[in-house]
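Presented below is the structure to which this report refers.
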Amino acid sequence: CIVLTTVGCQKSTHEAGSISGYDEGEKYLSIWVHSIEDTDEGKCYREAVESFNKAYDGKYFADIEFIPRNDSGGGYSDKINASVMSGDLPDVLTVDGPNIAAYAENGIIQPLAEISEKEKSEYLESIIEQGTYNDKLYALGAMESSVGLYYNKDILKEAGIDVPDADHPWTFSEFLKVLEKVKKVTDKKKGYALDMTFPVGEATIYYYAPFFWSNGGNLIDNTGLKADGVFNSKENVSTINYFCRLLSNGYMSKVPIDHLFESGRAAFKFDGAWEVNTVYTSYKDINIGVVPYITGDNWNGERYTPTGSWAFAASSKTKNIEGATELVKWMSGVESGKRLWEKSKSFPSTYKAYESIDVFKKDENYKELYYQLSKYGHPRPKTPAYPQVSTSFQQVLENCVLTGEDPKTQLDKSVERINAKLKRYTYK
Amino acid sequence: MSFIELKNVCKQYANTNKKAVTDFNLKIDEKEFIAFVGPSGCGKSTTLRMIAGFEDITSGELYIDGKKMNEVAPRDRGISMVFQNYALYPHMTVEKNISYGLKNMKVPADEIKRKVDWAIEILGLSEYRYRKPKNLSGGQRQRVALGRAIVKDQKVFLMDEPLSNLDAKLRVSMRNEISKLHRNLGSTTIYVTHDQVEAMTMADRIVIMKDGIVQQIGKPMELYEHPVNKFVAGFIGSPQMNFYNVKVDGNKISFTDGNSMVLNDEMADKLRNYKEVILGIRGEDIKFDPQNLDIFKENKQRAVIDNTEIMGNENNLYFEFGGSSSVARVSKYEVSDVGEEIEFVFVPHRMHFFDKVTEDAIVL
Amino acid sequence: MSFIELKNVCKQYANTNKKAVTDFNLKIDEKEFIAFVGPSGCGKSTTLRMIAGFEDITSGELYIDGKKMNEVAPRDRGISMVFQNYALYPHMTVEKNISYGLKNMKVPADEIKRKVDWAIEILGLSEYRYRKPKNLSGGQRQRVALGRAIVKDQKVFLMDEPLSNLDAKLRVSMRNEISKLHRNLGSTTIYVTHDQVEAMTMADRIVIMKDGIVQQIGKPMELYEHPVNKFVAGFIGSPQMNFYNVKVDGNKISFTDGNSMVLNDEMADKLRNYKEVILGIRGEDIKFDPQNLDIFKENKQRAVIDNTEIMGNENNLYFEFGGSSSVARVSKYEVSDVGEEIEFVFVPHRMHFFDKVTEDAIVL
Amino acid sequence: MKKKSESILGMAFFGPALVLLTIFLFIPMILTLVFSFTDFFALNPGLTHFVGLENYFQVFKDDDFRQAFGNTVKFVVIIVPLQGLGALGLALLINKVTHCKTYFKVAFFIPVVMSLAVVSTLWVQIYSPEGILNSLLAHIGINAQPFINSASQALPSIAVMSAWQGVGYQMIIFLGGLQAINPALYEAAEMDHASGWQKFKDITLPELKPLCIFVFITITIGAFRMLVQPMVMTGGGPSHSTYTMVYDIYETGTVNWEIGLASTMAIVFAFFVMILTVIQTILTRDKEGKKHANKKTKNN
Amino acid sequence: MLTRKQKTINWIIAAIMIVMSLFFLFPVIWMIANSFKPDAAITKDMNSIAAFIPPALNGSFFDNYVSILTNTSFIHYMLNTLFYAAILIILGIIVNGLAGYALAKINFPFKERWLLIIMLLMIVPMETIITIHFLFIAKLGLLNTVIGYVLPMIVNPFNIFLFRQVFISLPDDVYEAAQLDFCSPVKYFFTMVLPMSKSVVATVSVFTFLNVWNDYLWPSLVFTSSDLLTAQIGLNAITSNDNTTMGQTLAVITMITIPVIIIYSLFSKQIVEGVVSTGSKEG
Ligand SMILES: Nc1ncnc2c1ncn2[C@@H]1O[C@H](COP(=O)(O)OP(=O)(O)OP(=O)(O)O)[C@@H](O)[C@H]1O
Ligand SMILES: Nc1ncnc2c1ncn2[C@@H]1O[C@H](COP(=O)(O)OP(=O)(O)OP(=O)(O)O)[C@@H](O)[C@H]1O
Ligand SMILES: [Mg+2]
Ligand SMILES: [Mg+2]
């Protein structure tokens, strides 16, 4: 079959009958996903599209293309960029949550067709929030994600600490006291109280933006176009100083140490929801638990915990927005979410899906994560300059906490950078 | 009519301001064996390559077999060539090397086989038929190169210093082989060499060149006996002819070191109009034997031997005379030791005289 | 006592199963000029390099000036060497090339200058003093290499084919220069060459080798006149000695083609015990002149000339005789044409006989 | 007649490459140059304006780019001597070794043939705080080093790893150079009473000189183009200490979609590298020229 | 001459070299050894010599490989990549070889200038113009085809230069001899020039292979059909999956690295010659 393709049987024309399953009278819908078919995720999308074609037989035909993405985010997004230029976008595509604003602002994706409130209410609030830009719904995710604050039950027991319930998280100050106690135990194990790093890339803002939100700060204003006075607010300075204390008190390692938590040498760890599964399967002797994400001392119950994942959106190139919306809904729907959970342990995006999955009712850790997500989930900043916000965030934390630079100066510098990127939008 | 003819052929390479070959005129008969000889850089290869068609002819005309060839591609000139470094195809066996041209000419397979067998046979290469060039000795490679040229039945055979990479012994025997081959095949041959011995021993006629200009064309012995100028005289013959600057004074010539000789009347007459000339004499025409010493006793000279070379069948004696280092060639029976004083004479009718300025021969 | 002595020296390279040099024995006197000669691969360079110390001596002993040298580093053997490709330091000027060794030996600066000036002077390199090797001609490079060797005042001088990269003319003149230099400096010299002419013309004594084994050691004329075996006879002299397989029958020898000759009694006596021998005769001992034809008329032979080589001062005539291709060397006055039938005789006391099996000479 | 037919032949042979070069190198380069004068934005190509030299001013003002440039230069300064001398050293050693030459040649070359991404991933493990290297150091009593996790050590650490990865290639070139040296030169030097060091200084080095220039320039260009190693190992951090020019180009263009600005950076970058190449050509030209001249006269 | 002192020196050199070579090989050894272990074992062995020793051969020895090979089409991707490499090697040798030959041996207008341009092009970082390649290929409607993938990769200034450096020292007289043997220039190129330059052909082939084998960005842009993906894309997709274990990652990396090492070892002699012949002539 390679040879066939060599000879140039290219797929740019989409005649009915040219693809198996594409019948006369059906409307053609192309869809791109950010994963290759080989991965569990890819297989789920393939199945979802097949079921869509069955369900809408005679009406729509969805044709899926798998576009590889590499670790550093290249590949898929390069392909989108290039396709924007060449005008070859599909009808439906996947977009990473934080990019929705930029794509919407630049007219790469268009608002979905009217969706009933009932349909909307099936999705987690964080999903709707993530997909909404300028009051219009652009995207719906098939999966959701969360970061948990995990703890080692044995260590906490040894330190004599009780964990709070889901609605009463430890505040910054309380957590410091907890850490102080725990440190005595972990020091004996040649470890640290907290397994915490500031990795390059998306993870840092994803893990640690909640510290800022819950401490009365924000990263960008609600229009998504103003950073000055927000990103460099004094609340944010104090949050950064809190991080500095974590390090200076010796609760965390300055350099990242692999598998600190998994090898039983750390009491706490911030990590994606997949950590639970990893520990269950590969590190069976670790007794893992989940506590609610910590909050600023003055927190009064707003949403603040990490969320966000890839979502489906309709490209501005599609001539069939109804069909595209149907496809988006299908791809992000309950069945799709259940499938994704089964195959790749990604959290679903709809309440129904959670209800039908046993572990979210039985396993206390998953239960806890689901509760946190549904009640407190907060999407990342919605701004077309998101990439700059994200890198600035990471750099500020790294520079201030690890290198000891002055927080205010660093934040101000970042604001300048962010403004430079925003100029394109504020200008018009 | 002559078979190959060069008419006023000139060559000037791009980006040079001197002609590499100037006004080359030559007629070659069918089956003739012509040698181009001359010092390095004198234009031999250039001329040959113009005949082959690898270099454009700047001006002048080239005819082969009556047809003007200036604009004809090398392959269509009906020539074959043996290259200095053999230019064998390194990745092909001896057999393939020889048959390659025939294959490209679309000669029928059995014909090719016959010809290749024949060439391999007469060149004594049967043993090496399936070897590649790198596994052959110099002489064997040389023969493969010859084989490649002879199978193609071309009318003209060009060779550019084909023996220069062989050692002395092998050169001597290949010389003989090529001569015989030429006689058997009867193809018109042009042979380039800078070695006058090769030219002398192999060629029917020799073209001797210097700085792109033909000096003399003639049969080997003609050049040896009657060189037209000092350059030819010095170039042909080994060891080199001895030269002396001499003053002419009536029927006496005097050397720079004060020695003098008496000329016979005829000579004196020819040299009447010259004050200074160059005298040339070959080593074998300097005689030490009593007989000659007696015949030419009035011109007996003396010198001290300062080096000898023993060649087996003959010896070279080196001595200072007439203001320059001289060499005489004597039979193996006439041994002398370094430091010994000897008497000798120049055989008078073997002396050559050249104009001091033009260096042209003064015909006696 | 001899100055350099090699006693049963053998060399076997690692990873080979044959000795490159076997049982080499030689005594060299001070100031002697010795040439090692033999075909390619016979072990000449190996022997020289063992003397220089660049190759280990597998077994046997080497003495220089009475001291055993087997384990002494090359630099401490008191030798200097001229390499085949000169091995000049490419980035140093002529002067620096020559002075480099002296500098390393910590000779005082003014002494160095004096010596370098002297060497540059006698080698005629003044003009090129500040040039680098790549801007010199072959002959000039050769002289720099010599200069580098002579300034160091070493007792022994080794040269490995120093002339092999020069063209024929230059080789002849450099030969003469090296001979003179040797005479002036008086250093003991070992000279390696595969060219028998060089060995013959330059050396006091020649060591002739084959397959790592010394064949004969002697003065040039000794080797020429009295070769100990067929190999030496064939190797020395140009053109090569003619060889014939002959049957001995009383005082008659008969050639494979049916011709026969009568031997004198003395010879017949010596050959009494042999049935078949190899007869060797040099080209110049085959005579065509009426005088010789007359003297040896009972052994007059006939043949047809199939090639001639004109050398100027003499000619080579090729003809088939006695079952093999033969060459005779005649004076330039005895010209014959291809195809002509000639009469000739072998000069009896110039005939060499060799054992058919061992190829050793049968001493007459 | 010869000239014309030769020209046609030459163009016929060179033609296919020329067409492809034009489409896939010249035109993209020209486009890059054109983009560098615009605010071309990947997500919204329709809104592109001509902005004159503004991008250039911005690039030269930009702290990140300046730091990236500084880092790149630092990389070069560390890698060039390290990798160059390393290659020379290895080549000298291999040349000396009597057995298993092929084994060593292959062993030292293996990092060269492996994908940079793979090699970088492996070295992240090696450099990790509790990784192999630190446990080795612990054995000889040296405290654990942060390596790529510290702003001061990250850049040298990556440089060392890059030198490790690439040294095999230059080693092979040096090895070729060494083997091309006429052994008789060393024997002549031995006869001239030269010590080991003198032989190296007076023969090996001068003979390798033309090669050295070539080798050092290839390393420099390679170091200038460094991207994958910091991307995989440190993401340009910590504190931008391993952020390189090409990395900056990549991020600006791909992550921030600023094609115009990235093109400007690419042009500036190409300019620097070009200067280096020109220097190289000047340094080596006169020799080349002479060599050719020699050859011509010899061949004919 | 080998004195005793020199012999000891040789031993010391050999010892140094062996240690050095281990330094160059240890990541590979570590990678291979750990590709057979479960994650917990990798973490456990990390600080000891055991990190370089494969686990005992037991039932789970090949687990990482088995799970990769059963759950993904990695083998298929590797075969794809081999196929692309083969096409590119052939086309690359023809196109770049012909160009290199023209620059080395044929006189045509602006030859010297072309050469200079080619040398300058060698420094253009591909990363900076790859988006434009994508645009072209998309406009030509060649996305997701092998032709589209291959087209921009065929011409390679470095290879042209490499060929030119080697061809320039081919003897002219062989070409002349071939002319007299009625051989056309094109035939000469294929039947004489290439066979006479085996080592550079091998070098270019191996480098092309490495390029194709190790390239990620370009195939990830051109290909979307799973049938066509390359090994590096497979590797990346597999390793960037959060559920992939370290051991599986190392197994994939090992699978992708071994062919490269084998191919290099097979051709190392020619590559050394090829690299040397270009390198040494530059100076
Ligand atoms: N391609 C060329 N371009 C410029 N000049 C050249 C070229 N080829 C030869 N020459 C010059 O032309 C002259 C004649 O060269 P040619 O090769 O014909 O000499 P030759 O007699 O064959 O010498 P040799 O015995 O060294 O081969 C020389 O001065 C040489 O430098
Ligand atoms: N380093 C070596 N290793 C193994 N064998 C060698 C080595 N050097 C020379 N030989 C072999 O030793 C024999 C003698 O070689 P040597 O170089 O001494 O010959 P030569 O007489 O100098 O020949 P030439 O005239 O070709 O220089 C040859 O058979 C050669 O192949
Ligand atoms: Mg010539
Ligand atoms: Mg030798």
Side-chain angles (χ1 to χ4, degrees), chain D residues 3 6-7 9-11 13-14 16-17 20-21 23-25 28-29 31-32 90 93 96-99 102 104-111 113-115 117-119 122-123 126 130-132 135 169 172-173 176-177 180 210-211 213-214 221 225 227 246 249-250 266 270 273-274 277 284 287, chain E residues 10 13-14 16-17 20-21 24-25 27-28 30-31 46-48 51 95-96 98-99 101-103 106-109 111 114 119-121 123-125 127-129 131-133 136 152 154-155 157 160 185 210 213-214 216 232 253 256-257 260-261 264-265 268 271-272 275-276 279-280 282-283:
Chain D
K3 247 191 204 152
E6 234 189 294
S7 297
L9 183 68
M11 286 317 291
F13 273 32
F14 192 56
L20 290 171
L21 279 176
I23 301 177
F24 294 108
L25 275 164
M29 277 165 59
L31 283 179
T32 305
L90 286 180
L93 284 176
K96 271 266 150 55
V97 154
T98 39
H99 298 286
T102 321
F104 289 119
K105 273 189 239 171
V106 171
F108 294 135
F109 204 81
I110 276 182
V113 299
M114 288 169 69
S115 121
V118 165
V119 166
L122 289 175
W123 274 77
I126 291 164
E130 297 185 345
I132 306 160
S135 31
Y169 187 84
I172 294 285
I173 294 183
L211 263 194
I213 295 170
F214 172 73
I221 291 182
R225 289 173 60 165
L227 166 67
V246 179
I249 297 174
Y250 171 82
V273 183
M274 204 121 82
T277 318
T284 50
K287 284 191 192 87
Chain E
N10 280 354
I13 290 176
I16 295 175
M17 293 291 285
M20 297 277 283
S21 71
F24 278 80
L25 288 176
V28 181
W30 180 82
M31 170 184 86
M46 187 68 90
N47 298 324
S48 64
V95 170
N96 299 314
L98 283 172
Y101 182 75
L103 290 174
I106 307 177
N107 273 316
F108 64 99
K111 177 170 128 176
W114 285 125
M119 286 170 70
L120 287 179
L121 286 178
I123 62 172
V124 176
E127 296 87 356
T128 59
I129 52 174
T131 317
I132 300 171
H133 288 175
F136 289 171
I154 297 172
V155 73
I160 294 181
L210 291 180
W213 194 257
N214 290 335
Y216 175 81
Q232 284 291 337
I253 298 184
I256 215 167
T257 305
V260 174
I261 295 181
Y264 169 70
S265 305
S268 71
I271 292 174
V272 171
V275 168
V276 165
S280 51
E282 170 73 0

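Computed from a predicted structure; not experimentally measured. Because only heavy atoms are used, hydrogens play no part in the values below, and waters and symmetry mates are left out as well, while side chains stay in. Within every chain, numbering begins at 1; the chains are lettered A, B, ... in the order of the sequence lines, protein sequences first and strands thereafter.
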I need the residue from [options] with the largest number of non-hydrogen atom pairs under 4.5 Å to chain E.
{"options": "D:Ala180, D:Ala107, D:Pro28", "value": "D:Pro28"}
{"options": "D:Ala270, D:Pro111, D:Ala17", "value": "D:Ala17"}
{"options": "D:Leu122, D:Val106, D:Val113", "value": "D:Val113"}
{"options": "D:Ile110, D:Val246, D:Thr102", "value": "D:Ile110"}

Within the structure provided, determine whether [X] and [Y] are in side-chain contact (heavy-atom separation under 4.5 Å).
{"X": "E:Val28", "Y": "E:Ile261", "result": "yes"}
{"X": "E:Ile256", "Y": "E:Gln232", "result": "yes"}
{"X": "E:Leu121", "Y": "D:Met29", "result": "yes"}

Margin query: With a 4.5 angstrom heavy-atom cut-off, is it the side chain or the backbone of E:Ile132 that approaches chain D, or both, or neither?
Written below: side chain
Next item on the list: Answer with side chain, backbone, both or neither: which region of E:Thr257 has an atom nearer than 4.5 Å to a non-hydrogen atom of chain D?
Entry: side chain
For [X], which atoms come within 4.5 Å of any heavy atom of chain E: side chain, backbone, both, or neither?
{"X": "D:Ile172", "result": "both"}
{"X": "D:Ile249", "result": "side chain"}
{"X": "D:Leu227", "result": "side chain"}

Check: For D:Phe108, which residues count as a ring-ring contact (aromatic ring centres under 6.0 Å, His included) partner, sequence neighbours excluded?
Finding: E:Phe24
Notebook entry, point to check: Looking at residues at least two apart in the chain, or sitting in another chain, which of them share a ring-ring contact (aromatic ring centres under 6.0 Å, His included) with D:Trp123?
Noted result: D:Tyr127, D:Trp164
Next item on the list: Mark yes or no for whether E:Asn96, through its side chain, and E:Ile154, through its backbone, hold a donor-acceptor pair below 3.5 Å.
Entry: yes
Check: Are any side-chain N or O atoms of E:Trp213 and backbone N or O atoms of D:Ser115, one a donor and one an acceptor, separated by less than 3.5 Å?
Finding: no
Check: So which of E:Pro27, E:Ala102, E:Ser265 has the largest heavy-atom pair count under 4.5 angstrom toward chain D?
Finding: E:Pro27
